[in-house]
Structures are given as C-alpha cells and as structure tokens.
Trainee: 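Sending over a structure as structure tokens; questions will come in a sec.
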Amino acid sequence: MSDKLRRFFNEGTTDEITKRMLGTLLVYHSPKGLMSGYITEAEAYLGQKDSAAHAYQGKRTPSNEALYGVPGTIYIYSIHGRLCLDVAAQAKDVPEGILIRGIEPYQGIDLMKANRPKSGFELTNGPGKLMDALGIYDKEMNLIELGDTALDLDVDNVKFPKKIVESGRIGVSDRGTWTDKPYRFYVKGNPYVSKLPKREMDLKTYGWK
DNA sequence: TACACGATGGTCT
DNA sequence: GACCATCGTGTAA
C-alpha cells in the first residue's frame with residue numbers, strides 16, 4: 001500500500017473515513033484488463049459494539065478475520081450466494097469496516113458490461129452487482145491490503161460530492177438499536193446508488209462538484 | 001414505483 | 001438446519 005493511501009485511512013473515525021471514500025476511484029487490474037469506478041455509496045460498520053456488524057461482540061471467525069487486519073485490508077465475504085467488498089478501517093484488531101455498495105464506472109466499462117449484461121445503472125448499483133461487473137468470483141484477494149494486489153484505491157484522481165446523504169443501512173434484518181442508525185452514505189443524485197428512485201437522480205452532474 | 005417473495009450458497013451451530 | 005451487510009422477477013396501481 002502507498003504511504004498516501006495509508007494516511008487516507010489513518011485519520012478519523014470509521015464513519016468519517018466512509019464519507020471521505022465517496023468519490024475516490026476503485027481500481028481493479030483484472031486479468032481481462034483495467035476497470036475502475038468512482039465510489040458512490042458505502043456503509044460504515046462499527047465493530048463489536050455495532051449489533052448490525054459482522055464483528056458484533058467481538059465475533060471472530062476465519063471468514064471475518066480481515067476486519068481485524070490493518071486499515072485498508074480487503075474483506076471479501078459471501079452472502080446469499082454473492083460476494084461483497086469491504087475494507088478494514090481501523091487499527092489492527094479493531095474490527096470496523098466499510099462496505100462498498102456502489103461505483104460509477106469510469107474505465108473498462110465494456111469489460112463490465114461483458115461480465116454483467118444488464119442495462120444502465122443496474123451495472124454497478126449494489127454490492128453484489130459491482131463485484132459481478134468487475135468479474136471477481138472468488139476470495140483470492142481477501143486479507144490482502146489494497147494496492148498489494150489487483151485491487152487498489154486511487155485517492156488522487158477523485159471527484160467531490162456536492163452533498164452526501166445519510167440513511168439507515170440496507171438489508172440488515174432487525175438487530176436492535178443499531179439497525180436503523182444512519183451509517184449508510186451516498187453521493188446525492190448519483191444514479192449508481194442502490195434502491196434510488198429515478199426522480200432523485202441528477203443526470204446532469206451525477207451529484208459531483 | 002412499491003412491495004412481496006423465491007433462489008441462492010457459504011458459513012456457523 | 002438456520003441464518004444472511006443480495007438480487008431479480010412478479011404483481012398491482
């Protein structure tokens with residue numbers, strides 16, 4: 001991992017880092033070619049105290065081990081037969097993480113369409129969908145730091161959201177008081193956001209400054 | 001556009 | 001055997 005990326009993660013709380021991640025460029029050097037996309041939507045999961053998190057009450061198993069890694073460790077997990085992409089956000093052994101839920105395709109769009117023959121914004125507007133579009137079908141990169149494998153995060157060539165919307169996290173079944181806490185963040189108006197009604201899409205600027 | 005629901009397969013108990 | 005940080009299709013309005 002680059003020093004610059006290390007600094008990106010080493011400052012702030014996990015929800016602050018999650019917001020900072022909106023507009024950064026997720027880069028994947030796939031076997032088929034380069035693909036990338038700007039992060040449009042992400043969720044923070046605050047570790048052992050967070051009843052919606054995989055590491056709630058310090059739960060630690062082989063599959064969620066990556067959450068306990070250094071900041072920027074890739075956490076790939078499967079759910080309902082799909083894969084999702086997470087990144088550890090805090091110091092080693094502090095199991096807080098960020099779920100990447102949407103990207104706006106930038107490079108390699110044709111490759112993504114070949115991987116996932118869906119029209120329009122359905123290409124990458126969900127955590128399982130974007131993994132499908134990138135063509136990541138296994139957990140080979142799990143436990144590795146961003147930048148030390150084919151996946152990287154470019155924090156130099158970024159876009160800036162005009163406004164960030166907060167909401168409850170998607171898909172968490174009832175888990176007490178943390179169920180509805182506003183730890184989902186997305187770029188207001190960007191169409192590559194899950195479950196976004198058409199009327200809330202800003203098709204002129206996609207919500208960027 | 002909103003909601004309901006079935007398929008799905010890895011992971012844990 | 002149950003759970004689940006999902007997705008796609010179906011229905012109705």
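Convention: sequence-line order gives letters A, B, ...; per-chain numbering from 1. Computed from a prediction, not measured in an experiment: that's the story for all the values here.
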Trainee: Rounded to the nearest Å, what distance is computed from the CD atom of residue A:Glu122 to the P atom of nucleotide C:dT6?
Mentor: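 So the two atoms are 15 Å apart, to the nearest Å.
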Trainee: May I ask you to check whether over 12 heavy atoms, not counting those of A:Tyr106, lie within 6.0 Å of atom OH?
Mentor: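 It does not: A:Tyr106 OH has 12 such atoms or fewer within range.
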Trainee: What nucleic acid atoms does A:Arg116 come within less than 4.0 Å of, heavy atoms only: base, sugar-phosphate, or nothing?
Mentor: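 The residue A:Arg116 makes sugar-phosphate contact but no base contact.
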Trainee: Could you please spell out the steps behind the salt bridge (charged side-chain N to carboxylate O under 4.0 Å, His left out) verdict for A:Asp50 and A:Arg169?
Mentor: CA-CA 12 Å; A:Asp50 181 353; A:Arg169 293 169 289 187; 2.6 Å; yes
Trainee: To the side chain of A:Arg199, which of C:dT6, B:dC12, B:dA2 is closest?
Mentor: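 When the side chain of A:Arg199 is considered, B:dA2 is the closest of C:dT6, B:dC12, B:dA2.
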Trainee: OP1 or OP2 of B:dC12 less than 4.0 angstrom from a side-chain nitrogen or oxygen of A:Thr61, does that happen here?
Mentor: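 Affirmative; the distance criterion is met.
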Trainee: To the nearest Å, how far apart are A:Asp138 CG and B:dG10 P?
Mentor: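 These atoms are roughly 12 Å apart.
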Trainee: Whole Å only: how far is the CZ atom of A:Arg101 from the C1' atom of C:dC7?
Mentor: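 Computing the A:Arg101:CZ to C:dC7:C1' distance gives 11 Å.
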Trainee: In whole angstrom, give the distance that lies between atom CD1 of A:Ile76 and atom P of C:dC4.
Mentor: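 Roughly 22 Å, once rounded to whole Å.
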Trainee: For A:His80 and C:dC4, do the ring centres fall under 5.5 Å apart while the planes stay under 30° apart?
Mentor: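 A:His80 ring centre within cut-off of C:dC4 base, planes near parallel; stacks.
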Trainee: In the structure shown, which nucleotide is the Watson-Crick or G-U wobble counterpart of C:dC7, with both distances under 3.5 Å?
Mentor: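 Pair assignment: C:dC7 / B:dG6.
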Trainee: Tell me if a side-chain donor or acceptor on A:Arg6 pairs with a main-chain N or O of A:Met1 at a distance below 3.5 Å.
Mentor: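 It does hold such a pair.
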Trainee: If we check side-chain hydrogen bond (donor to acceptor under 3.5 Å, both in side chains) with A:Glu104, which of these qualifies: A:Asn190, A:Thr124, A:Thr40?
Mentor: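 That would be A:Asn190; it is the only one of A:Asn190, A:Thr124, A:Thr40 passing the side-chain hydrogen bond (donor to acceptor under 3.5 Å, both in side chains) with A:Glu104.
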Trainee: Given atom CZ of A:Phe121 and atom C1' of C:dC7, what is their separation to the nearest angstrom?
Mentor: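 Taking CZ of A:Phe121 and C1' of C:dC7, I get 19 Å after rounding.
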Trainee: Between the side chains of A:Lys32 and A:Asp110, is the shortest nitrogen-to-carboxylate-oxygen separation below 4.0 Å, so that they form an ion pair?
Mentor: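 Salt bridge absent between A:Asp110 and A:Lys32.
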Trainee: Please work out if A:Ser173 contacts a base, only the sugar-phosphate, or nothing of the nucleic acid, heavy-atom cut-off 4.0 Å.
Mentor: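 It contacts sugar-phosphate atoms only.
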Trainee: Calculate the interatomic distance between A:Asp132 atom CG and B:dT8 atom P; express it in whole Å.
Mentor: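 Rounded to whole Å, this separation is 15 Å.
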Trainee: In this structure, how many angstroms lie between the P atom of C:dC4 and the CG atom of A:Leu83, rounded?
Mentor: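 Computing the A:Leu83:CG to C:dC4:P distance gives 19 Å.
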Trainee: Just the rounded figure in Å: distance from C1' of C:dT6 to CG of A:Leu99.
Mentor: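 About 11 Å, once rounded to whole Å.
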Trainee: From the set B:dC12, B:dT1, C:dT6, return the single nucleotide nearest to any side-chain atom of A:Pro197.
Mentor: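 Looking only at heavy atoms from C-beta outward on A:Pro197, the closest nucleotide is B:dT1.
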Trainee: OP1 or OP2 of C:dT9 sitting under 4.0 Å from any side-chain N/O of A:Lys118?
Mentor: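 Yes, A:Lys118 has a side-chain N/O under 4.0 Å of OP1/OP2 on C:dT9.
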Trainee: Where the side chain of A:Lys198 is concerned, which of B:dT1, B:dT11, C:dT6 is the nearest nucleotide?
Mentor: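 So the nucleotide nearest the side chain must be B:dT1.
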Trainee: So, is A:Arg60 near the phosphate of B:dT11, with a side-chain N or O under 4.0 Å from OP1 or OP2?
Mentor: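 For B:dT11, neither OP1 nor OP2 has a side-chain N or O of A:Arg60 closer than 4.0 Å.
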Trainee: Could you check whether A:Lys139 gets within reach of a base, just the sugar-phosphate, or nothing at all, counting any heavy atom under 4.0 Å?
Mentor: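 Here A:Lys139 touches the backbone only, sparing every base.
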